[in-house]
Amino acid sequence: IAPTETSLTGAEESALSIEEEAPQPPINSHDVYCSGYITKNFKPSHLTIMLSQRAETIGWAKGDVVYLNEGKAEGVEPGMAYQILRVGQKVSHPVSGRELGRYIRRVGAAKVLAIQEHTAIAEITEACDEITAGNLLVPWAAIPIPWDVKRSEVLPLQLEDTAGKVRGRVVWSEDRLESTGESSVVYIDLGSREQLIPGDKVWIFRYPAAQGSLTQSTHDLFRQQKIDVGPRDLFRTKKAANYKGETQAAQSSDAQVSRDSAAPPGKDSRRHGSAPSLAKGVKSIPMYIGEGVVLTTEANTACVKVIKCANEIFFGDWVMAE
């Protein structure tokens, strides 16, 4: 039997058409409320999670009921909302080595269901990661979300009028991975002191020509090993660590040259807005590898989501406010 041809009317065609999915904004509430921050001024809260009704498990998730170590006598009331924090390790600057503060991660939210004199029962209402005993609780506060952010079509080859722009470094990442990419969360050593606010864009870049070739890098490595080991050799008399080669090695790579050498001792030159003290010529040409948006800021640090990336981003890469 020959198949019969059927034709759809205009109304039927429109009914069968599939609507295109609306583009999602680069930033959402999960990015902000599940991010963290680096601060030197963190004061641990006494209110903590002690245990869960699911005592057979180590970590808990959304919907689990947990027990807190404070109650009516400490001012806890039914219905109160809290943010759950996890205290992380101390973070040091990947280039200068100075301590930046302690990493604090927002891991969820909780709501008090019932109280006793010195204890309380709460429900985990949101979970960004596994929640465990010892996590701290602080009063919940709304965080502004930069919804109106647009991702650039392409990364710039070069930017004009960058002389006065503030510059910093990538110092940490959400998962402690030394290389990250698009949609990752990283932390930079610029903050509210540089007048950064949530929603500000930053460019991530490096100086590829200043890093030298593989042959030069290998040569510098062996030379640096000689410098590091020489003064500590137990079978020879102690030598002064001020080698001529030490100065030459310090000028051979971006990691050494950009160590804020122009700033006086104790000062930080990342806020001066001047270009790093690299050699002239091709070594001073930046390569833009990523675009990020500031989620939250502290005094000297900021949390940034990478919304576009053309290459891996490493600790120590440069950042510049748009």
Asks: Atom CG of Leu113 and atom CG of Leu68: how far apart are they, to the nearest 0.5 Å?
Replies: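 Rounded to the nearest 0.5 Å, the CG-CG separation comes to 9.5 Å.
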Asks: Are Ser52 and Thr57 side-chain neighbours, meaning at least one heavy-atom pair lies under 4.5 Å?
Replies: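 Heavy-atom side-chain distance check fails, nothing below 4.5 Å.
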Asks: Between Met50 and Thr119, is any pair of side-chain heavy atoms under 4.5 Å apart?
Replies: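 Side chain of Met50 against side chain of Thr119, heavy atoms only: no contact under 4.5 Å found.
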Asks: With a 3.5 Å distance limit and no angle check, can you tell me whether Ser45 reaches the backbone of Leu137 through a side-chain donor-acceptor pair?
Replies: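 Present.
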Asks: Give a yes or no on this: more than 12 heavy atoms of other residues, nucleotides or ligands lie within 6.0 Å of atom CD of Gln195.
Replies: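 Open: at most 12 neighbouring heavy atoms sit under 6.0 Å from CD of Gln195.
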Asks: Which pair of heavy atoms, one from Ile115 and one from Lys72, lies closest together, and at what distance?
Replies: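 Shortest heavy-atom separation between Ile115 and Lys72 comes out as CD1-CB, 3.8 Å.
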Asks: Should the heavy atoms of other residues, nucleotides or ligands under 6.0 Å from CD of Glu56 be counted, would the total exceed 12?
Replies: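 Yes, because the 6.0 Å sphere around CD of Glu56 holds more than 12 heavy atoms from other groups.
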Asks: Report yes if the side chains of Thr297 and Ile197 come closer than 4.5 Å at any heavy-atom pair, otherwise no.
Replies: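 A side-chain contact is absent here, since even the closest heavy-atom pair is not under 4.5 Å.
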Asks: Linking I/L/V/M/F/W/Y whenever their side-chain heavy atoms sit closer than 4.5 Å, directly or via other members, would Phe314 and Val202 fall into one cluster?
Replies: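 No.
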Asks: Please confirm whether the backbone N or O of Thr48 pairs with a side-chain atom of Asn69, one donor and one acceptor, at under 3.5 Å?
Replies: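 Such a contact is found between Asn69 side chain and Thr48 backbone.
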Asks: Relative to each other, are the rings of Trp203 and Tyr288 parallel, tilted or perpendicular (30° and 60° limits)?
Replies: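 Geometry flag for Tyr288 against Trp203: perpendicular rings.
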Asks: Quick one, Leu196 and Ile188 - any side-chain contact, counting heavy atoms below 4.5 Å?
Replies: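 Yes; the side chains approach each other to less than 4.5 Å.
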Asks: Which atom pair, heavy atoms only, marks the closest approach of Ile145 to Tyr33?
Replies: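 Reported closest heavy-atom pair: CD1-CE1, 4.0 Å.
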Asks: Can you measure from OG (Ser152) to CD (Glu291) and round to the nearest 0.5 angstrom?
Replies: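 Rounded to the nearest 0.5 Å, the OG-CD separation comes out at 3.5 Å.
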Asks: Any idea which heavy atoms bring Ile27 and Asp31 closest together, and the distance?
Replies: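 Looks like CA-OD2, 3.6 Å.
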Asks: Search all heavy atoms of Val293 against all heavy atoms of Pro146 and return the closest pair with its distance.
Replies: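 Closest approach of Val293 to Pro146: CG1-CG, 4.3 Å.
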Asks: Any chance NZ of Lys201 has more than 12 other-residue heavy atoms, nucleotides or ligands included, within less than 6.0 Å?
Replies: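 For Lys201, atom NZ is crowded (more than 12 foreign heavy atoms under 6.0 Å).
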Asks: Given the rule in the side-chain contact (heavy atoms from CB on, under 4.5 Å) test, do Trp60 and Asn135 qualify, once you have shown the distances and angles that lead to the verdict?
Replies: CA-CA 11 Å; Trp60 312 298; Asn135 288 162; over 6 Å; no
Asks: Sequence neighbours left out, what passes side chain to side chain contact (heavy atoms under 4.5 Å, CB included) with Arg106? Give chain and number order.
Replies: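 Expected list: Ser35, Tyr37, Gln83, Leu85, Ile143, Thr296.
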Asks: For residues Tyr187 and Ile38, report the shortest heavy-atom separation together with the two atoms involved.
Replies: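 Nearest pair, atom of Tyr187 first, then Ile38: CB-CD1, 3.8 Å.
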Asks: Is there a side-chain contact (heavy atoms from CB on, under 4.5 Å) between Asn311 and Arg206 once you walk through the steps?
Replies: CA-CA 11 Å; Asn311 207 333; Arg206 66 172 64 110; 3.9 Å; yes
Asks: Test of understanding: clusters of I, L, V, M, F, W, Y form through side-chain heavy atoms closer than 4.5 Å, transitively. Do Ile84 and Met80 belong to the same one?
Replies: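 Linked within one cluster.
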Asks: Report yes or no: does Arg54 contribute a side-chain atom to a donor-acceptor pair with the main-chain N or O of Val65 at less than 3.5 Å?
Replies: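 Not at all, since once roles are kept as given, no pair shorter than 3.5 Å links the two residues.
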Asks: Please check this pair: side chain of Arg105 against backbone of Tyr103, looking for a donor-acceptor N/O pair closer than 3.5 Å.
Replies: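 No; judged by distance alone, with no hydrogens or angles, the pair does not exist.
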Asks: With hydrophobic residues grouped by side-chain heavy-atom distances under 4.5 Å, do Phe315 and Leu190 end up in a single group?
Replies: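 Yes: a chain of side-chain contacts under 4.5 Å links Phe315 to Leu190.
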Asks: Relative to each other, are the rings of Phe205 and Trp318 parallel, tilted or perpendicular (30° and 60° limits)?
Replies: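 Rings of Phe205 and Trp318: parallel, as their planes differ by under 30°.
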Asks: Do Thr301 and Glu298 meet the criterion of a side-chain donor-acceptor pair at a distance under 3.5 Å?
Replies: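 Short answer, no.
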Asks: A side-chain contact here means heavy atoms from C-beta on lying under 4.5 Å apart; do Val95 and His93 qualify?
Replies: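 Yes, their side chains come closer than 4.5 Å.
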Asks: Can you list the residues that meet the side chain to side chain contact (heavy atoms under 4.5 Å, CB included) rule with Ala310, with sequence neighbours excluded?
Replies: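 Per chain and number, Ala310 pairs via side chain to side chain contact (heavy atoms under 4.5 Å, CB included) with Leu155.
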Asks: Apply salt bridge (Lys or Arg N to Asp or Glu O under 4.0 Å) to residues Asp189 and Arg169 and explain how you reach the verdict.
Replies: CA-CA 6 Å; Asp189 61 349; Arg169 297 281 192 159; over 6 Å; no
Asks: Roughly how far apart are Ile313 CD1 and Thr180 OG1, rounded to 0.5 Å?
Replies: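 Here the interatomic distance stands at 4.5 Å.
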Asks: Do Val107 and Trp172 share a hydrophobic cluster (ILVMFWY, side-chain heavy atoms under 4.5 Å, transitive)?
Replies: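 Per the 4.5 Å side-chain linkage, Val107 and Trp172 are not co-clustered.
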Asks: Are Asn300 and Lys40 side-chain neighbours, meaning at least one heavy-atom pair lies under 4.5 Å?
Replies: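 SC-SC contact between Asn300 and Lys40 ruled out.
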Asks: Determine yes or no for a side-chain-to-main-chain donor-acceptor pair under 3.5 angstrom, with Lys283 supplying the side chain and Tyr207 the backbone.
Replies: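 Side chain of Lys283 to backbone of Tyr207: no pair is present.
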Asks: Does Val112 reach the side chain of Tyr82, with side-chain heavy atoms less than 4.5 Å apart?
Replies: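 They are in side-chain contact.
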Asks: How many angstroms lie between CD in Glu322 and CG in Leu159, if you round to the nearest 0.5 Å?
Replies: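 If I round to the nearest 0.5 Å, the distance is 8.5 Å.
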Asks: Any side-chain heavy atom of Glu74 within less than 4.5 Å of one from Leu47?
Replies: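 Sidechains of Leu47 and Glu74: no contact.
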Asks: In a table with atom names and distances, give each donor-acceptor pair under 3.5 Å that connects a side chain of residues 121-129 to protein atoms at least two apart or in another chain.
Replies:
| from | atom 1 | to | atom 2 | distance (Å) |
| --- | --- | --- | --- | --- |
| Thr125 | OG1 | Ala109 | O | 3.3 |
| Asp129 | OD2 | Arg86 | NH1 | 3.3 |

Asks: Ignoring hydrogens, what is the shortest heavy-atom contact between Val76 and Ala120? Give both atom names and the distance.
Replies: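 Heavy-atom minimum between the residues: CG1-CB, 4.2 Å.
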Asks: Are Val166 and Val170 in one and the same hydrophobic cluster, where Ile, Leu, Val, Met, Phe, Trp and Tyr link if side-chain heavy atoms are under 4.5 Å apart?
Replies: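 Hydrophobic grouping puts Val166 with Val170.
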